[in-house]
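Worksheet: the structure to be examined is printed underneath.
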Number of protein chains: 2
Amino acid sequence: MAAPSNREFSEAEAELMQATYSALREHGYVDLTIKRIADEYGKSTAAVHYYYDTKEELLAAFLDYLLEEFVASIRAVETTAPETRLSLLLDELLVDPQPNQALSVALLEMRAQAPYNEPFRERFQQNDEYTRFMLKSVISHGIDEGAFEAVDADHVARSLMTIVDGARTRSVVHGDPSALAAGRRTASEYVDATLL
Amino acid sequence: MAAPSNREFSEAEAELMQATYSALREHGYVDLTIKRIADEYGKSTAAVHYYYDTKEELLAAFLDYLLEEFVASIRAVETTAPETRLSLLLDELLVDPQPNQALSVALLEMRAQAPYNEPFRERFQQNDEYTRFMLKSVISHGIDEGAFEAVDADHVARSLMTIVDGARTRSVVHGDPSALAAGRRTASEYVDATLL
DNA sequence: GTGGACGTACTAACCGGTCAGTCAAAAGAC
DNA sequence: GTCTTTTGACTGACCGGTTAGTACGTCCAC
């Protein structure tokens, strides 16, 4: 399971990614236009097209940019004990992104576009597989060490992803970040009942 | 907990709702236009505006139309035994909507618009509360009858909703309806571990 | 002959994307 | 070390196309 490709971004491109980030938070995905990105960028729309021919291309690059950060954050979770490692991983997947609630909203919008947009679908798919693999690894490792019950690690990882995705969706749709904390509790219960 | 208001639809309005339904399935929410609805309706765009002044108004009415059907489907679940009642309820919430996968996709798009669109948010919120109340009722009832453990019915209902929403989101985003079946299994495990 | 149910034709606002041309800095020529 | 040329990074104007919504005329049932 390879982590998503580490793409190179020039300084100007990184600035554009930040501008896209801001524009997304302010206007959401549906109302995201090249003009609004250009405004955040502080340049003309043609300047945006200078770096990326099409809007789709730019947004695909933006997802690469964003998902890289995410991968880095969950890769940083390292502990020896499988129980605490799994717990920290779930914490990371279900943290309240306080100031970035708006980005979570936009990200759900983009996820909902996956069926119509192959570059999006590819990237979300790859990110999902990577995260699921991380969970499955921790579980398998815990089983080998005798810390966990001998369960179907793949299924348990998938269940945890379902709980994570559910909590995130609910947090966005109902505008209630506490859905994340509730989801964290549900995940804990599921882990306790299944693995311990 | 009142069920969502039963709104009246004239024959022409019902036809328009069906046209909206078809247009949504064909083009998704983002690419849904009055023109496309009018095409499905078989009339001009002015004919659509004759019944609904704005697009927002029409779509709010459409959600009423759609969520009414959904409420009817889960209200139809009636059994005496709490275990089978809960099981049937979860089945209803996690069925594979075979030919209507496209509608599930569009519905997630609309749910993702809730933060920007109050009429949407209101309706999804109300629908969620209603469904959660149905789950909580079955659980509370089961506890009273001694069929379930004495748990926090509200929290368990919320957890099940999280699993349901997660399974639906995953089914759409990854274009994989089997995520629903997997979610159904996770829900069963959660019920078994928590209530029995 | 009046009122509801449209169709035709339109507008104003945007949209993504293109184009020709500008300008400073880098690269090369001598 | 200067002059010339090229290049990278842009701007402003503009294009064709699309959108929600409107104005107004018309047809038809009663």
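In the text below, chain A, chain B and the rest are named by the order of the sequence lines, each starting its count at 1.
Tested against B:Leu63, the residues B:Glu68, B:Arg123, B:Glu122, B:Gln126 include a single side-chain contact (heavy atoms from CB on, under 4.5 Å) partner, B:Arg123.
Listed by first and then second residue, the ring pair (Phe, Tyr, Trp, His ring centres under 6.0 Å) pairs that reach into residues 36-72 of chain A are A:Phe9-A:Tyr65, sequence neighbours excluded. Sorted by first and then second residue, the side chain to side chain donor-acceptor pair (under 3.5 Å) pairs involving residues 19-29 of chain A (not counting sequence neighbours) are A:Tyr21-A:Asn100, A:Arg25-A:Asn100. Applying the salt bridge (charged side-chain N to carboxylate O under 4.0 Å, His left out) definition to pairs two or more places apart or across chains, those involving residues 109-120 of chain B are B:Arg111-B:Asp165. Residue pairs satisfying the salt bridge (charged side-chain N to carboxylate O under 4.0 Å, His left out) criterion with at least one member in residues 35-46 of chain B, sequence neighbours excluded, are listed as follows: B:Lys35-B:Asp39. Counting only residues at least two apart or in different chains, salt bridge (charged side-chain N to carboxylate O under 4.0 Å, His left out) contacts with residues 176-185 of chain B comprise B:Asp91-B:Arg184, B:Arg185-B:Glu189.
One atom, NZ of B:Lys35, and another, P of C:dC14, lie 23 Å apart when rounded to the nearest Å.
At most 12 non-hydrogen atoms from other residues, nucleotides or ligands lie less than 6.0 angstrom from CD of A:Glu11. Within a 6.0 Å sphere centred on CD of B:Glu57, heavy atoms belonging to other residues, nucleotides or ligands number more than 12.
Applying the salt bridge (Lys or Arg N to Asp or Glu O under 4.0 Å) rule to B:Arg121 yields no partners; only residues at least two apart in sequence or on another chain are considered.
Residues B:Tyr130 and B:Leu107 fall into different hydrophobic clusters, defined by Ile, Leu, Val, Met, Phe, Trp and Tyr side chains chained together at heavy-atom separations under 4.5 Å. Linking ILVMFWY side-chain heavy atoms closer than 4.5 Å, directly or via other members, places B:Leu24 and B:Leu58 in a single hydrophobic cluster.
Listed by residue number, the members of residues 49-57 of chain A with any heavy atom below 4.0 angstrom from DNA chain C are A:His49, A:Thr54, A:Lys55. Listed by residue number, B:Leu32, B:Thr33 are the residues of residues 17-33 of chain B with a heavy-atom contact under 4.0 Å to DNA chain D.
A nucleotide of DNA chain D counts as in contact with chain A when one of its atoms lies under 4.0 Å from a heavy atom; the first and last such, 5' to 3', are D:dG8 to D:dG12.
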Residues 145-152 of chain B, side-chain donor-acceptor partners within the protein, below 3.5 Å, at least two apart:
residue: B:Glu145; atom: OE2; partner: B:His141; partner atom: ND1; Å: 3.4
residue: B:Asp152; atom: OD1; partner: B:Asp154; partner atom: N; Å: 3.1
residue: B:Asp152; atom: OD1; partner: B:His155; partner atom: N; Å: 3.2

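Secondary-structure stems of DNA chain C, taken as three or more successive Watson-Crick or G-U wobble pairs (i with j, i+1 with j-1) under a 3.5 Å distance threshold, comprise C:1-30 with D:1-30.
Between B:Thr186 and A:Arg158 there is no side-chain heavy-atom pair separated by less than 4.5 Å. Looking only at side-chain heavy atoms (C-beta outward), B:Arg168 and B:Leu93 come within less than 4.5 Å of each other.
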Show each protein N/O and nucleotides 7-10 of chain C N/O combination with a separation under 3.5 Å, one pair to a line.
residue: C:dG7; atom: OP2; partner: B:Ser44; partner atom: N; Å: 2.6
residue: C:dG7; atom: OP2; partner: B:Ser44; partner atom: OG; Å: 2.5

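Of the inter-residue distances, the one linking B:Leu86 atom CG with B:Met134 atom CE reads 11.5 Å to the nearest 0.5 angstrom.
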